[in-house]
Colleague: 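Sharing a structure, written as structure tokens. Questions coming.
Note: hydrogens, waters and symmetry copies are ignored here, and every other heavy atom, side chains too, is used.
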Amino acid sequence: MEPKLRVGILGGTGMVGQRFIALLENHPWFEVVVIAASARSAGKTYEEAVGDRWKMDTPMPEHVKSLVVMNVNEVEKVASEVDFVFSAVDMSKEEIKAIEEAYAKTETPVVSNNSAHRWTKDVPMVIPEINPEHFKVIEYQKERLGTKKGFVAVKPNCSIQSYAPVLTAWKEFEPYEVVATTYQAISGAGKTFKDWPEMVGNVIPYIGGEEEKSEQEPLRIWGEIKDGAIEKASEPKITCQCVRVPVLNGHTAAVFVKFRKKPTKEQLIEKLQQFHGIPQELELPSAPKQLIQYLEEDNRPQVLEDVNYEKGMGISVGRLREDSVYDYKFIGLSHNTVRGAAGGAILCAETLKALGYIGKKGQE
């Protein structure tokens with residue numbers, strides 16, 4: 001059996017870092033051998049560094065408890081222990097850009113959950129079922145960085161997962177105008193109700209930076225590589241409002257769509273159920289067998305019923321119906337820290353491995 005790739009988690013003590021560790025337990029291809037965090041956690045065991053801040057529903061995996069946390073800023077030292085890293089560091093945007101490129105320059109691929117490099121022209125931002133061809137821009141990035149194997153790849157924002165794949169499935173009907181309101185869980189802010197008691201019974205109609213990401217990032221995903229850079233698509237035009245709601249996990253979206261070629265409801269549902277990509281074709285370990293499920297009941301999708309569809313890697317859609325102003329409207333739901341964060345990044349890494357971009361260090 002092929003030996004597992006050695007993985008490092010940068011920013012492993014935060015909520016997304018914890019989600020990476022939980023999801024990678026018993027992964028068939030990847031093994032967490034290094035956890036790196038800030039200087040205040042470095043030198044402690046992972047169990048000591050996290051203390052009572054473990055936020056996952058499942059227990060902390062035994063094999064990571066005794067790992068001694070390394071200093072994320074000791075780039076060469078961390079990089080020497082791993083084949084590639086996942087990045088979930090909590091720093092300023094400029095610091096994140098710098099440290100992720102520093103790791104890449106040690107010939108260590110970086111698969112990032114952070115937003116810092118999402119608009120760097122030669123960094124692919126990928127949902128593997130939608131735009132794996134964007135990984136080709138890595139060759140231009142390597143030229144810029146002066147690397148042979150090292151690069152940075154990112155996954156997009158959690159807020160778009162419940163509608164961008166849906167709109168992609170309907171591409172042939174040419175959606176050109178979209179209104180979306182997202183109702184976003186508190187774990188998207190790295191919080192639980194214990195950390196954020198004022199969210200109980202509350203709604204906050206503002207999440208900093210989220211509306212711009214929700215409107216613009218799908219256009220980059222649907223864009224094309226031109227002259228070594230990803231050029232974003234011009235349509236559909238998306239306008240969005242993002243609201244924080246008292247839910248732990250699961251982002252729900254209420255979406256209205258106009259099409260140039262008006263489909264029937266039956267055609268739209270059929271396209272959702274048939275939609276798949278490279279992860280399904282290659283049967284990658286984290287890939288949902290069916291990416292999008294359509295639910296007929298009037299009161300679905302619901303967070304309590306549906307957020308863990310396909311172990312949190314699938315998307316649930318319901319309430320698709322004709323609209324009096326737009327052509328159609330629907331409700332989408334996705335798990336924001338699984339498909340929307342760590343799980344989406346792990347699926348990116350699996351795709352990169354399958355396509356030959358990530359491998360054992362020292363092996364061609």
Colleague: Any side-chain to backbone donor/acceptor pair from Gln141 onto Val152? Under 3.5 Å, distance only.
Modeller: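 Judged by distance alone, yes, a pair lies under 3.5 Å.
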Colleague: Walk me through it: do Glu211 and Gln241 pass the test side chain to side chain contact (heavy atoms under 4.5 Å, CB included)?
Modeller: CA-CA 6 Å; Glu211 287 164 2; Gln241 291 201 99; 4.0 Å; yes
Colleague: Output every pair passing ring pair (Phe, Tyr, Trp, His ring centres under 6.0 Å) with a member in residues 123-142, not counting sequence neighbours, ordered by first then second residue.
Modeller: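 The answer is none; no pair qualifies.
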Colleague: Only pairs at least two apart or in different chains count here, so list each ring pair (Phe, Tyr, Trp, His ring centres under 6.0 Å) that has a residue in residues 238-286.
Modeller: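 Pairs touching residues 238-286 that pass the test: Trp170-Phe259.
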Colleague: Using a cut-off of 6.0 Å, state whether more than 12 heavy atoms not belonging to Glu297 lie near its atom CD.
Modeller: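 Counting neighbours around CD of Glu297, more than 12 heavy atoms of other residues, nucleotides or ligands fall under 6.0 Å, so yes.
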Colleague: Is it the case that Ser92 and Glu94 place a side-chain donor and acceptor less than 3.5 Å from each other?
Modeller: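 Per modelled atom types, Ser92 and Glu94 side chains form no pair under 3.5 Å.
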Colleague: How does the hydrophobic cluster around Trp196 look, that is, which other residues are in it when side-chain heavy atoms under 4.5 Å mark a link?
Modeller: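 The other cluster members (ILVMFWY side chains, heavy atoms under 4.5 Å, direct or chained) are Ile186, Phe193, Met199, Val200, Ile204, Leu248.
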Colleague: Residues two or more places apart in sequence or in another chain: which of them pass side chain to side chain donor-acceptor pair (under 3.5 Å) with Arg6?
Modeller: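 So Arg6 forms a side chain to side chain donor-acceptor pair (under 3.5 Å) with Asp83.
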Colleague: For Gln273, is the CD atom crowded, meaning more than 12 foreign heavy atoms sit under 6.0 Å from it?
Modeller: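 More than 12 heavy atoms, drawn from other residues, nucleotides or ligands, come within 6.0 Å of this atom.
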Colleague: Under 6.0 Å from the CG atom of Asp298, do we count more than 12 heavy atoms belonging to anything else shown?
Modeller: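 12 or below, so no.
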Colleague: More than 12 heavy atoms of other residues, nucleotides or ligands under 6.0 Å from NZ of Lys65: is that the case?
Modeller: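 Counting neighbours around NZ of Lys65, more than 12 heavy atoms of other residues, nucleotides or ligands fall under 6.0 Å, so yes.
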Colleague: Listing request: all side chain to side chain donor-acceptor pair (under 3.5 Å) pairs with a residue in residues 254-264, at least two apart in sequence or in separate chains.
Modeller: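 Only Glu174-Lys261, Glu235-Arg260, Lys262-Glu322, Thr264-Gln267 qualify under side chain to side chain donor-acceptor pair (under 3.5 Å).
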Colleague: Indicate every side-chain donor-acceptor pair of residues 338-351 with a distance under 3.5 Å to a residue at least two apart or in another chain.
Modeller:
from	atom 1	to	atom 2	distance (Å)
Arg339	NE	Met313	O	2.9
Arg339	NH1	Glu129	OE1	3.0
Arg339	NH2	Glu129	OE1	3.4
Arg339	NH2	Glu129	OE2	2.9
Arg339	NH2	Met313	O	3.2
Glu350	OE1	Ser286	N	2.9
Glu350	OE2	His27	NE2	2.6
Glu350	OE2	Ser286	N	3.3
Glu350	OE2	Ser286	OG	2.6
Thr351	OG1	Leu347	O	2.8

Colleague: For Phe86, enumerate each residue passing the ring pair (Phe, Tyr, Trp, His ring centres under 6.0 Å) test, keeping only those at least two apart in sequence or located in another chain.
Modeller: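 Once residues adjacent in sequence are excluded, the partners of Phe86 under the ring pair (Phe, Tyr, Trp, His ring centres under 6.0 Å) criterion are Phe20, Phe84.
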Colleague: Give a yes or no on this: more than 12 heavy atoms of other residues, nucleotides or ligands lie within 6.0 Å of atom CD of Glu2.
Modeller: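 Counting other residues, nucleotides and ligands, CD of Glu2 stays at 12 neighbours or fewer.
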Colleague: With sequence neighbours excluded, tell me which residues meet side chain to side chain contact (heavy atoms under 4.5 Å, CB included) with Lys265.
Modeller: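 By the side chain to side chain contact (heavy atoms under 4.5 Å, CB included) rule, Lys265 matches Ile269, Tyr294, Leu320, Tyr328.
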Colleague: Partners of Trp29 by side chain to side chain donor-acceptor pair (under 3.5 Å), sequence neighbours excluded?
Modeller: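 Trp29 satisfies side chain to side chain donor-acceptor pair (under 3.5 Å) with no residue once adjacent residues are dropped.
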Colleague: Measure across Val72 and Val75 and return the closest heavy-atom pair with its distance rounded to 0.1 Å.
Modeller: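 Minimum heavy-atom contact is O-CG2, 4.1 Å.
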Colleague: Answer yes or no: are there more than 12 heavy-atom neighbours, outside Gln274 itself, under 6.0 Å from its atom CD?
Modeller: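 Enclosed: over 12 neighbouring heavy atoms sit under 6.0 Å from CD of Gln274.
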Colleague: Taking all heavy atoms of Asp323 and all of Val325, pick out the closest pair and write down the distance.
Modeller: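 It is OD2-N, 3.0 Å.
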Colleague: Would you say the side chains of Gln293 and Ser316 form a donor-acceptor pair under 3.5 Å?
Modeller: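 Yes - a donor-acceptor pair under 3.5 Å links their side chains.
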Colleague: Among residues two or more places apart or on two chains, list those pairs meeting side chain to side chain donor-acceptor pair (under 3.5 Å) that have a residue in residues 305-314.
Modeller: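 Counting only pairs at least two positions apart or across chains, the side chain to side chain donor-acceptor pair (under 3.5 Å) contacts touching residues 305-314 are Arg300-Asp306.
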Colleague: For Glu76, check side chain to side chain donor-acceptor pair (under 3.5 Å) against everything at least two apart and list the hits.
Modeller: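 So Glu76 forms no side chain to side chain donor-acceptor pair (under 3.5 Å) with any residue.
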Colleague: Apply salt bridge (Lys or Arg N to Asp or Glu O under 4.0 Å) to the pair Glu101 and Arg144, showing each step before the final yes or no.
Modeller: CA-CA 11 Å; Glu101 288 198 354; Arg144 175 173 62 84; 3.1 Å; yes
Colleague: For Ser334, which residues count as a side chain to side chain donor-acceptor pair (under 3.5 Å) partner, sequence neighbours excluded?
Modeller: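 For Ser334, no residue satisfies side chain to side chain donor-acceptor pair (under 3.5 Å) once neighbours in sequence are set aside.
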Colleague: Are the side chain of Trp119 and the backbone N or O of Val123 linked by a donor-acceptor pair below 3.5 Å?
Modeller: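 No; zero donor-acceptor contacts below 3.5 Å.
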Colleague: With no hydrogens and no angle check, just 3.5 Å: does a side-chain donor-acceptor pair link Glu210 and Asn157?
Modeller: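 Checked: Glu210/Asn157 side chains pair up, N/O donor to acceptor below 3.5 Å.
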